[in-house]
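The shown structure was predicted, so the numbers you read here are calculated from the model rather than taken from an experiment. Worth knowing before you read on, the calculation uses all heavy atoms, side chains too, and leaves out hydrogens, waters and symmetry mates. Just so we're on the same page: letters track the sequence lines, and every chain starts at 1.
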Amino acid sequence: MIEAQSLGFRYAANAPWLFCDLSFSLAPGQTLVLLGRNGRGKTTLLKCMAGLISPTAGSIRSKGIVGYVPQHFASPFAYSVFDVVLMGRARHVGLFSNATAVDRQRAAQALETVGLQAFARRSIGTLSGGERQLVLIARALASEADILLLDEPTSALDFRNQAVVLSMLRRLSTERGLTIVMTTHEPTHALEIANRAILLYGAGHNEEGPVASMCTEEKLSALYAISMKKLAYTTGEGQTSSIVASYASIDR
Amino acid sequence: MPSAVDDTSTTASSADAQAIGIGLAIPALVVLLAAAMIASLSIGRYSVGLGDLATLVSGWLGIGPGRAGVAEPVWRVVELVRIPRMLIGGFVGAGLALSGAVLQGVFRNPLVDPHVIGVSSGAAFGGVFAILLGLGAAALWSMAFAFGLAALLLVVMMSRKAGRSSILMLVLSGVVISALFSALVSLATYLADPNDTLPAIVFWLMGSFASATPERALLMVPIVAVFALPLMLMRFRINILSLGDEEARGLGLKVEPTRWLVLCCVTGITAASVANSGIIGWVGLVVPHFARSLVGPDHMRLLPASALLGASFMLLVDVMARSLIPAEIPLGVLTAIVGAPVFMILLHRTHNEGW
């Protein structure tokens, strides 16, 4: 569970607000998506939730272990996939102790959850972007997180791997009751997996609400400063919809 | 629903073979260290045969004649000269390599070694200052230690003053403090009496274990051990620090206190080795790289492997130093001559996929 009360952030006392007076509450099993243009505070808000930066105003409260999933694995060292997942156990391992059999078991389970158990001994550097994203999710799961905070988990992935990550997140929220917050540049992903959405317009202008009332053509067009269209259509899997930008609207 | 992501390159069997190789690496390093220890006890200007060595060892274990079974010069050389020298050399090598491996992990930079945080230069200045003032060995020791710690404190203060105590600020402050103390060492060298103190300073700075005595070993070994033990126990934490501040914090680690604890231990080890045997470069840089190529980057295995390999490397270099030519070659010179080409080969072999 996450609860935010009139949250606000700005870099300096006289700087404009990135976001302000933002209140929301997320129950277990709910998914929230943060939408907005580059530099409008999506990642900042996510880091506030993760406790990595303190908000300038307001308060944020979360119940349970928070698992922060960065966009990339940034270590210069070629750790094995299992080692990386095992590091998720940091909270459960004492200062002068090492990972125990229980920690290793939890890491193995987490790796199995994302379906990468066969990759355990591979060096993380040899994995594709999609696989790496799943490893980072597994690491958060190994920490026994109740809340997953993901920074653009699908941004560097091809379409199939985007679908793999999204369906993994949907499964984790419906089957395990995890609370999930993610940033993305794809409003369609919000339609796919989210219950709620926050739109960050910048300059302290932001709104929060159910995903259906946030992801409208009118709001998204204003959010991205480009004409956005919502397309509804039928596929083999049933009725679905996508949100696309009308790129031509910029030139003409 | 898609169930698995696309597979890529290497096969499971090559990963298995690699894992077996890693499993054998540590026992192999233990054997190497045992061999280096034997070499260090027997080779030198006064050669000690393996038979005499075995007799002495059996005496220490209480299962053989010991001293009574060998000529007097043999046990005197072994017990009063070679063993202290072996202990000091081994612990200095292990300590420097361990420190290097830890710093490379914590600073997430494979080109870092104990000199980077300014401790070596600080300790060197302390020692040189003591020699300049004509003080004795005890004073040299304490001053090297004190100035090493002072250098770390200056680095801490500088990186704090500069705002957020980030890794970059830490390394930059280290470089600045290091340069400052190096300049002070040069100044002290310039002021030193060329007939008397100058040679003492120069030889001390170049590094040697020739001054090893049982008393020195008794001082040196516990100090290095006391600082190395926490590092060994914090291996898992060091893995997590190597992910970078933000990821480590995201995993629930208190990054700054943990990092400072690690740096204090490294300072203790480095200052103790500089105080005892001057600046011995390259060990802290090259050995962790070599160890990483044997056991991988996981600090759980890397730290013991680096310590074992560092001790062996130092002992073998010391054997070379005292047996290649009639006079002793300064250790710092030899470690550089051996280390530089090894490092170049290692760099050449490094894959694109990471360290």
Side-chain angles (χ1 to χ4, degrees), chain A residues 47 50-52 65-70 73-80 82-84 86-99 103 114-116 118-131 133-134 136 139-140 143 149 157-158 160-161 163-165 167 170-171, chain B residues 1-19 22 104-105 107-111 229-237 239-255 257-258 261 292 296-302 350-355:
Chain A
K47 285 182 181 170
L52 295 176
I65 294 179
V66 175
Y68 178 71
V69 181
F73 179 72
S75 174
F77 299 108
Y79 287 115
S80 77
F82 187 80
D83 289 340
V84 172
L86 190 62
M87 290 184 210
R89 299 294 299 167
R91 275 192 184 79
H92 306 274
V93 175
L95 177 60
F96 292 113
S97 354
N98 288 323
D103 296 313
V114 300
L116 288 184
F119 290 54
R121 280 176 178 166
R122 288 259 300 265
S123 154
I124 182 109
T126 67
L127 267 57
S128 71
E131 291 158 352
Q133 193 61 49
L134 290 182
L136 293 180
R139 185 174 73 183
S143 75
L149 306 175
L157 308 186
D158 63 48
R160 185 190 156 82
N161 283 338
V164 170
V165 169
S167 72
R170 188 191 290 126
R171 230 179 73 203
Chain B
M1 186 189 95
S3 59
V5 285
D6 345 308
D7 204 331
T8 45
S9 61
T10 44
T11 58
S13 63
S14 82
D16 282 346
Q18 204 184 349
I22 286 171
Q104 290 173 9
F107 289 154
R108 309 172 63 225
N109 185 336
L111 295 176
L229 185 69
L231 292 178
M232 280 293 183
L233 293 176
M234 288 195 289
R235 284 174 292 167
F236 188 72
R237 282 286 187 281
N239 265 353
I240 292 167
L241 282 177
S242 80
L243 297 177
D245 288 10
E246 193 171 278
E247 268 192 75
R249 221 167 270 141
L251 290 172
L253 199 73
K254 289 188 177 68
V255 171
T258 316
L261 182 58
R292 208 174 278 119
D298 180 8
H299 293 85
M300 302 294 291
R301 290 184 297 258
L302 179 65
T350 301
H351 323 285
N352 293 328
E353 63 197 47
W355 295 90

Segment of A:Val66 engaging chain B (4.5 angstrom heavy-atom cut-off): backbone
Distance in Å, A:Leu95 CG paired with B:Leu261 CG, rounded so as to fall on 0.5 Å steps: 6.0 Å
Anything under 30° is parallel, anything over 60° is perpendicular, the rest tilted; go ahead and classify A:Phe77 against B:His299. perpendicular
Backbone of A:Val93 reached by a side-chain donor or acceptor of B:Arg237 within 3.5 Å: yes
For chain B, which candidate among A:Ile65, A:Leu86, A:Val84 shows the most heavy-atom pairs at distances under 4.5 Å? A:Leu86
Between A:Leu149 and chain B, with a heavy-atom cut-off of 4.5 Å, which part of the residue counts as in contact: side chain, backbone, both or neither? neither
Looking at chain A, which one of B:Leu251, B:Asn239, B:Leu229 has the largest number of heavy-atom pairs inside 4.5 Å, strictly under? B:Leu251
With a 4.5 Å limit on heavy-atom distance, are the side chains of A:Ser97 and B:Phe236 in contact? no
Examine whether an atom of A:Ala50 lies under 4.5 Å from a heavy atom of chain B, and if so say whether it belongs to the side chain, the backbone or both; otherwise answer neither. neither
Interatomic distance, B:Glu247 atom CD to A:Leu136 atom CG [nearest 0.5 angstrom]: 6.5 Å
Engaged part of A:Ser143 at the chain B interface, taking heavy atoms whose separation is under 4.5 Å: neither
Give the minimum heavy-atom separation between B:Ser242 and A:Tyr79, together with the two atoms involved. OG-OH, 2.6 Å
State the CG-CE distance between B:Leu243 and A:Met87, to the nearest 0.5 angstrom. 5.0 Å
If you tally heavy-atom pairs under 4.5 Å against chain A, which of B:Asp298, B:Thr258, B:Leu253 wins? B:Asp298
Under 4.5 Å from any heavy atom of chain B - which part of A:Asn98: both
